[in-house]
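Keep in mind it's a predicted model, so treat the numbers as computed, not measured.
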Amino acid sequence: GLIVSRDLNENIRSHNDIKTDQAPFYAAACTFYEGLAERFVSSGFACDIFAGCLDQVGITEMSCCCKRTGGFLMMVDTFKTPVFKSTYR
């Protein structure tokens with residue numbers, strides 16, 4: 001996928017960009033992950049995603065992999081949160 005630069009002033013997209021169809025890479029990323037989800041389904045895999053960051057991780061684009069495979073998606077601001085830790089008990 002596309003990686004944002006180390007310059008914190010540069011964003012790939014924002015929530016508003018997606019809502020207003022101004023995210024130029026969004027459709028291509030969704031198409032890629034939908035194809036990946038199809039490969040998971042045809043192979044009998046489930047896709048679980050644990051994300052510990054709220055910024056620029058592409059969860060919106062990747063979520064179809066979890067939805068289509070019956071997988072689990074958890075997004076927290078840090079891996080140290082109690083809700084994240086409790087998923088491993």
For Glu38, which residues count as a side-chain hydrogen bond (donor to acceptor under 3.5 Å, both in side chains) partner, sequence neighbours excluded? Arg68
Heavy-atom side-chain contact between Met74 and Ile49 under 4.5 Å: no
Using side-chain hydrogen bond (donor to acceptor under 3.5 Å, both in side chains) as the criterion, list what pairs up with Asp48, not counting sequence neighbours. none
Side-chain (Ser43) to main-chain (Phe40) donor-acceptor, under 3.5 angstrom: no
To the closest 0.5 Å, what do you measure between NZ (Lys67) and OH (Tyr33)? 14.5 Å
Can you classify the ring geometry of Phe50 versus Phe84 as parallel (below 30°), tilted (30 to 60°) or perpendicular (above 60°)? perpendicular
When rounded to the nearest 0.5 angstrom, what distance separates CG in Leu36 from OG1 in Thr69? 9.5 Å
Interatomic distance, NE2@His15 vs OG1@Thr60, rounded to 0.5 Å, equals 5.5 Å
Does CZ belonging to Phe79 count more than 12 external heavy atoms closer than 6.0 Å? yes
Co-members of the apolar cluster containing Ile18 [side chain, <4.5 Å]: Tyr26
Nearest heavy atoms of Ala37 and Cys64, plus distance in Å: CB-O, 3.9 Å
Roughly how far apart are Glu34 CD and Arg39 CZ, rounded to 0.5 Å? 14.5 Å
